[in-house]
Amino acid sequence: MMSTHSTVFGEVDSPRHEADLYDRLENRRVQCNVCLRRCIVADGRAGYCFTRRNEGGRMVTLIYGAVSTWSVAPIEIKPLYHFYPGSHALSFGSFGCNFRCIGCQNWEIAHVGPTRLGVKERRVTLDRAVRISPAQSVEMALRHGCQGLSWTYNEPALWLEYATEAARLAKRRGLYTNFVTNGALTPEALDYIGPSLDGFRVDLKGSRSHTYRRLANFRALDELLETIERAHRMWKMHVEVVTNVTPGYNDSKEELHGIARFIATRLGPDVPWHVTRFVPHLRLSHLPLTPVGTLEVACEIGRREGLKYVYIGNVSGHPANHTYCPECGHRVIERRVHGVVSISLVKGRCPACGTSIPIIGLSPMDVA
Ligand code: SF4
């Protein structure tokens, strides 16, 4: 459900808010410390994401509270399968991205930003936005019967100050919080929101720098991997990893083994890995859909690397969309089209063999 909220920006350019994570340099330049690009920005210019601008030696975010899209969505759609199964999250997106993925599905909001467009286009873009304060976002979630808040659709790290304030308020009202992210936050940015963020649904596009350069024009893969590990180990966030398997780009066995090995060894075998079917978009419109057989090979690779929960996504009705007990193979959660059909856990354990299945936020019925 897309937003039909009526509070539009109209003539207002954008909500300005001084950024919290930046350093002042000589000659009124600043260095942004929100994402791993760590842009150095001259006075009057914007960073790579188009959403943070140096205004007279101060770094300013231009999208505080600027919502391009919102919806009430099942948590399974993120996908998050071991996190409050069957719940709904009020999901928000803004504008801009720190990546330039050549197959981006959300390029209409991710590849634009307040500083990228001319005045006319900027007004059109911002007229599509609604302005929602952190407190309003929490009230909206409660009013819509949601159990949590999710920042998604474009890279939520760009919304750091806004999302952190909303997350703090959400936690006080008993809501869960999560990011659907590319993971390229700096350690400072992760630590900034860490105390208030429960879930970290992160894309991992490849295990080689070369792949990240080709797919996303991004070079700092090692630091990105450290951020994911930090989210999991230091902040105890619930982490699930998604790899959108793109034909000819990241579908080699070597690449997939590398991703699965990273998850198994640095995050742990209980962390879910979703291998999802690529759907042609943008500059990759000429590619085919990922063959189901390739996803099944990826699944097998994940299991061979020791992962206990590997899922196939974007393939309707595939058996690898359900959760099975890793010990006895009993199906413990059945899903259909981004929703839960049934959960047959008993006190969080497999009803057939008693193995504990690591899923947080189960309803009282499933843990009783
Ligand atoms: S968030 Fe990232 S891309 Fe945007 S200005 Fe900061 S360092 Fe640059």
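Just so you know, residue 1 is the first one in the sequence shown, and it goes up from there. Start at 1 and go down the list; that is how both ligands and their atoms are numbered.
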Query raised in the report: Who else is in Leu284's hydrophobic cluster (ILVMFWY, side-chain heavy atoms under 4.5 Å, direct or via others)?
Result: Ile102, Leu215, Tyr249, Phe278, Leu287
Query - Protein N/O/S atoms closer than 2.8 Å to atom 8 (Fe) of ligand 1 - result: Cys39 SG
Report summary line: Numbered in order shown, the ligand 1 atoms found under 4.0 Å of a heavy atom of Leu158 are 1 (S)
Query raised in the report: Is any side-chain N of the basic residue among Glu226 and Arg233 closer than 4.0 Å to the acidic one's carboxylate O?
Result: no
Query raised in the report: So, Tyr324 versus Tyr309, ring centres under 6.0 angstrom or not?
Result: no
Query raised in the report: Trp70 and His144: aromatic ring centres closer than 6.0 Å?
Result: yes
Query raised in the report: Does Tyr81 have its ring centroid less than 6.0 Å away from the ring centroid of His274?
Result: yes
Query raised in the report: Charged N to carboxylate O under 4.0 angstrom, Arg201 versus Glu240?
Result: no
